[in-house]
Amino acid sequence: MSELSNLLPALPELARGFAITIALSLCAMVVSWVVGAIVLVVRLSPVAPLRILATIFISFMRGTPALVQLFLIFFTLPMIGIKVPPFVAASITLGLNSSAYVAEILRGGLGSLHPGQAEAAEALGMRSWRIWTRVLLPQAVRVSLPSITNELTLLVKTTPLASVVAVTELSFAGQIIIARTFQPTAVLLSIAAAFLVLNLILTSLAGLLERRFDIAGDRR
Amino acid sequence: MNFSHDLMTYAVPVLTKGALSTLKLGLLISVASLVFGVILSFGLAAPNRVLRRLSRGLIAAMRGIPPLILILIAFYVLPDLGVMLSPIAAGCGALIVYFSAYVAVAVRGALDAVPAGQIEAALSIGMTSRARMLRVIVPLAWPILLPALCGLLIGLFKETALLSIISVPELTFETKQAVARTYAPFEIYAMAALLYWAWSALLETLSRKLEAIANRHKNPGTRRRQGASS
Amino acid sequence: MTIPALRTEALRKSFNGVEVLHGIDLSIMPGETVCIVGASGSGKSTFLRCLNWLSPASSGHVYLNGELIGVRETAGGSVVPLAHKQLQEQRQRIGMVFQSFNLWPHRTALENVMEGPRIVLNQPGAQARATAERLLERVGLAERRDFYPAQLSGGQQQRVAIARALAMKPEVILFDEPTSALDPELVGEVLAVMKELASEDTTMVVVTHEIGFAVEVADRLILMDGGQIIEDAPPRQFIEAPREERSRRFLDQVLSRGLAPVHTIHTSE
């Protein structure tokens, strides 16, 4: 118990760390969804070199550790004259990493759609980007919602990696407190609990969303 | 960018050593996670309610807590409880528990995906539960399980990079050391990334081959002796 | 007096407190073919699944050639579930053919038929193979023995499934709507095999919608409705002079759709 009372002064620090974790997750999520959708479209484009490029991107992002990607981006961007703050570097890296998975998940979702969907849109004379934004992507997202949620929780779980480039998100804030108070047990268990709660909230929100989208009778 | 001769003669042996260590740790964690994951998957369907709840709770925790935090807990918190572990033991232990949960979910999902009619057919000819498991359920669950399992194993090898944070001398750790000595971060991190990438690609290819074998009966062209239509 | 091949006594079945079978008494004599008809939801498939204890009855008894199925009576007179091993031995003696065939997709036609004799009856491979080949020939599929289920038409799959059931030399065979999942043009070949079995005095209980088949092949035609047996009569009598009003209504509905003819199979295929 004495441990816990010693930690009270550290609570604001942990709270700030948690806020940064959430901000980082949100930024990375936006990057991953936007880039993921673009990569998907490029991956399916009729232009072969583009397609190959997207395939290589997906393979690299899925084939190497996010930690190594983070080091690669964080340490090499300054060498070519691009200076980015750690938070931005982390958002971009974690977002890019996740975007490869998002692209593949959406591709799977698209694959399960009936080809008639695109044909019907074409028959109406829709332009191709409209077919994507109004017909194909919304349906692909709906079909693959459970996988996208799962990917989002995985993304949240990669945010502690940002601690290695000194973003004071929750786990780094915790490590600073541990170094000062040397009370790892209470700090680390609180952090674990915070992540657990965050992800549980996320999955239950997604569950609500899924139920709203699940129109009776057309589940595949 | 400068892949000079000096840099290479220094970095290549160091990274090779790290890569071999990553390979060993990854294999160890894979095998242990498969074993514990299968055991845990039985826990999920155990007749005992307490056991079922415990398994479900453990899995929910593992899906919600970042693996890095688990590694830190194993390394910093367990000594508080009187369990002293080396960084390797703590780190591997944490990743094994983490991946066992995912393996258990995949195994359970695949077993549950076997159509009820298949099991009823086995029941109706009086198969024992052992024969049902070995002759019907496992062969049918296997092709469903395989892609999920391969994905997990590829992810697992990448996740061993986290062990560098508690100074386990694997590929990422050796890479950081090499960067600190040479200050050629791009070249060295790129080499490390390529090593991970090559290994993932190899596993991916292997998993495709295995999947093709597991799904032979769905597309058994070679065994046809004549056209399928009557 | 002959013992019935299959007999039920006050058989009741409830799902979540809702009773769907209200005490069914039925005796089927050796060599008899009994067809059970009725609207969907009448409880006929549930009844069939109680007969081999795939779906254990909530109360009442099932006897296979005089032997209690699925449960045993203790010395004190109470009824307890049978051990798995004994239930498995009883199920070996009751064949079942399913609506959706349920062939094992990872085994060829021949392997599907061999599986029971090899794995359950522990017959030597050569013997099981010979039996399976003979049975596939009998259902007209000798040529298809090395095909996987995915390569066979629905009708062919169901004929393999019948051979699989026959391979166990069962005392009774249960058919659970064996043609309901088939395209109309494939129904005939399955019914033809069943007709042949019936003519060889196989004891069969067939839940079916094929009233024409039932009239032609059955020794007794049973109408179920609302979890009860409404009518149990020889087919001619059932059709020409049903005792119950509900049977008459059922016949009116069914006969207005016409009777499907039973084809014969071409074993040369």
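Residue numbers begin at 1 in each chain, while the letters A, B, ... track the order of the sequences.
Taking R107(C), H84(C), E89(C), Q99(C) one by one and counting their heavy-atom pairs under 4.5 Å with chain B, the maximum is reached by R107(C). Between chain B and the options I119(C), V97(C), N52(C), heavy-atom pairs under 4.5 Å are most frequent for I119(C).
Listed here is the closest heavy atom pair of L51(C) and V205(C): CD1-CG1, 4.3 Å.
One finds no salt bridge joining R145(C) and E111(C) here, because no Lys/Arg side-chain nitrogen approaches an Asp/Glu carboxylate oxygen to under 4.0 Å. No salt bridge links R164(C) with E115(C); every basic N to acidic carboxylate O contact stays at or beyond 4.0 Å.
At a 4.5 Å heavy-atom cutoff, the contact between M168(C) and chain B is made by side-chain atoms alone. Only the backbone of I94(C) comes within contact range of chain B, with heavy atoms under 4.5 Å apart. Only the backbone of L103(C) comes within less than 4.5 Å of a heavy atom in chain B; its side chain stays farther off. If you measure heavy-atom distances from A116(B) to chain C, you find no contacts under 4.5 Å at all. For R93(C), no part lies under 4.5 angstrom from a heavy atom of chain B. Residue H106(C) touches chain B through both its backbone and its side chain, counting heavy-atom pairs closer than 4.5 Å. Within the 4.5 angstrom heavy-atom criterion, no atom of R130(B) approaches chain C.
Separation of atoms CG (L182(C)) and CD (Q157(C)) is listed at 9.0 Å; rounding is to 0.5 Å. The OH atom of Y102(B) sits 8.5 Å away from the CG atom of L152(B) when rounded to the nearest 0.5 Å. Between the CG atom in L21(C) and the CG atom in L11(C) there is a gap of 6.0 Å [rounded to 0.5 Å].
There is a side-chain donor-acceptor pair under 3.5 Å between N65(C) and E171(C).
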